[in-house]
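Structure first, commentary second.
Any value given below was found using the heavy atoms of this structure, including those in side chains, with hydrogens, waters and symmetry copies removed. Counting from 1, the numbers follow the sequence of the chain as shown.
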Amino acid sequence: MLLLLFFMIVLAVLFFQSPLSKIERIEIAGHRYTTAEEIGQAIGVSVGDSFFAATESAMERRAAALPYIRGAEVDKRFPGTVEVSVAEYGEVAYIVGRDGVLKALLENNEEVLPLPGEPLPPLPVLVNWEGHEELRGRLARQLAAIPGLLLADISEINPDPSVSYPDRIRIYTRSRFSVTTTVSYLPAKIETMRTIIGSKPPGYLTLLEADTYRPYDAGTEAEEGESPQEEAKAEGGARS
């Protein structure tokens, strides 16, 4: 038994010193805005390191900590191969910075430069959002839940706060609708918005406590985006 144990120890030492125990290749896939070098540095292993230097779950956590990556999956294949597949946050809108540079906004509120040579997908442009970063982050998460065709129809979104609706926004669509709602109401109003846009002629659509629709030929646009009754009701509730 002692002799067998001795040979097992010798074999283990030889194995861990041999090329079989080293990482020979790291394959990274699924990244667009994050470089392979950044992911390789994040997972904490490189070619030549021990194959057993880090577990798959540890490397997945490290990769997912990068700002543009939602999640990662690591598969270690003996001998010597580590495969890393990442999923990045999706683009939900565009913003124009103070320097006039167009950037894509990801669903986690991170800003990235569009990839050169790739066509820009149809997404809304966020205008006049300086000073509304927290609200913009909430909006980005909500936009990620909007169906692709409806999101592609939205051309512009502006902040439009009021006393009774601090998170109110104004949405303009490529199908020529003007929609007033709030970031908080948006998830519950998506289906109503899609139904009306798909079945009514262009007009003014208010999606607040009450939903109202008015075609353009019915009168002029209400600048505040909500009826006097809704405003009075909300302000009365606030005072009480």
Q: Could you tell me whether a side-chain N or O of E60 sits under 3.5 Å from a main-chain N or O of V74, the two making a donor and an acceptor?
A: yes
Q | Donor-acceptor contact below 3.5 Å, side chain E56 vs main chain K76 | A | yes
Q.
For residues Y172 and I95: do they belong to one hydrophobic cluster (side chain heavy atoms under 4.5 Å, members Ile, Leu, Val, Met, Phe, Trp, Tyr)?
A. no
Q: Measure the spacing between CD of E91 and CG of L143 and express it to the nearest 0.5 Å.
A: 12.5 Å
Q. Between S184 and T182, is any side-chain donor less than 3.5 angstrom from a side-chain acceptor?
A. no
Q: Please step through side-chain contact (heavy atoms from CB on, under 4.5 Å) for the pair R168 and T181, ending with a clear verdict.
A: CA-CA 6 Å; R168 192 176 66 178; T181 186; over 6 Å; no
Q.
Taking atom CD as the centre, does E73 end up with more than 12 heavy-atom neighbours from other residues, nucleotides or ligands that are less than 6.0 angstrom away?
A. no
Q. How long is the gap from CZ on R61 to CD1 on I43, to the nearest 0.5 Å?
A. 13.5 Å
Q: Please say which of E27, M59, R25 ends up in a side-chain contact (heavy atoms from CB on, under 4.5 Å) with V82.
A: M59
Q.
How close do Y33 and L113 get, counting heavy atoms only, and between which atoms?
A. CE2-O, 3.5 Å
**Q.** Heavy-atom pair with the smallest gap, counting every atom of I26 and S46
**A.** CD1-CA, 3.7 Å
(Q) I'd like to know whether E107 forms a side-chain contact (heavy atoms from CB on, under 4.5 Å) with R70, so could you lay out the CA-CA distance, the side-chain angles of the two residues, the decisive distance to 0.1 Å, and finally the verdict. (A) CA-CA 10 Å; E107 57 190 282; R70 178 195 289 121; 2.6 Å; yes
**Q.** Nearest non-hydrogen partners of P159 and N128, listed with the distance
**A.** CG-O, 3.1 Å
Q) Could you state the interatomic distance from CG (N109) to CZ (R138), rounded to the nearest 0.5 Å? A) 12.0 Å
(Q) Between L126 and H132, is the side-chain contact (heavy atoms from CB on, under 4.5 Å) condition met? List the steps. (A) CA-CA 11 Å; L126 304 189; H132 301 277; over 6 Å; no
(Q) Test of understanding: clusters of I, L, V, M, F, W, Y form through side-chain heavy atoms closer than 4.5 Å, transitively. Do I197 and L207 belong to the same one? (A) yes
Q.
Can you confirm whether the side chains of T34 and E88 place a donor and an acceptor under 3.5 Å from each other?
A. yes
Q: Following the transitive rule for hydrophobic clusters with a side-chain heavy-atom cut-off under 4.5 Å over Ile, Leu, Val, Met, Phe, Trp and Tyr, establish whether V179 and Y165 coincide in one cluster.
A: no
Q) So do L135 and W129 actually touch side chain to side chain, heavy atoms under 4.5 Å? A) yes
**Q.** Flag side-chain contact, heavy atom, 4.5 Å: D167 against Y185
**A.** no
Q) Hey, what do you get for CG (L120) to CG (L115), rounding to the nearest 0.5 Å? A) 9.5 Å
Q: Identify the two heavy atoms, one from A63 and one from A42, that lie closest to each other, and give their separation to 0.1 Å.
A: CA-CB, 4.4 Å
Q) Using the ring of each side chain (for Trp, its six-membered ring), is F177 parallel, tilted or perpendicular to Y213, with breaks at 30° and 60°? A) tilted
Q. Is any side-chain heavy atom of L105 less than 4.5 Å from a side-chain heavy atom of R136?
A. yes
Q: Go through the steps to decide whether T81 and E24 satisfy the test side-chain contact (heavy atoms from CB on, under 4.5 Å), and finish with yes or no.
A: CA-CA 6 Å; T81 299; E24 297 180 354; 6.0 Å; no
Q) Is the closest side-chain heavy-atom distance between L123 and L151 below 4.5 Å? A) yes
(Q) Please find the pair of heavy atoms, one from D153 and one from S175, that lie closest to each other, and give the distance. (A) OD2-OG, 2.7 Å
**Q.** Residue pair E209 / K189: nearest heavy atoms and the distance that separates them
**A.** O-NZ, 4.3 Å
Q: Hey, could you give me the CD1/OH distance between I69 and Y89, rounded to the nearest 0.5 Å?
A: 9.5 Å
Q: May I ask you to decide whether R194 forms a salt bridge with E191, counting only side-chain N to carboxylate O separations under 4.0 Å?
A: yes
Q: Could you verify whether a donor N or O on one side chain and an acceptor N or O on the other, from T180 and R170, lie under 3.5 Å apart?
A: yes
Q) Rounded to the nearest 0.5 Å, what separation is found between the CZ atom of R62 and the OG atom of S57? A) 9.5 Å
Q.
Could you see if I171 belongs to whatever hydrophobic cluster contains I196? Use Ile, Leu, Val, Met, Phe, Trp, Tyr and a side-chain cutoff under 4.5 Å.
A. yes
Q) With a 4.5 Å limit on heavy-atom distance, are the side chains of V96 and L102 in contact? A) yes
(Q) Quick check: do Y216 and S178 have side-chain heavy atoms less than 4.5 Å from each other? (A) yes
(Q) Hydrophobic clusters here meaning ILVMFWY residues chained together by side-chain heavy-atom distances under 4.5 Å, can you tell me if Y94 and I157 are in one? (A) yes
(Q) Could you tell me if the side chain of E118 sits less than 4.5 Å from the side chain of R32, heavy atoms only? (A) yes
(Q) Are the side chains of L186 and L139 in contact, using a 4.5 Å heavy-atom criterion? (A) yes
Q.
Under 3.5 Å, is there a donor on one side chain and an acceptor on the other for R174 and S155?
A. no
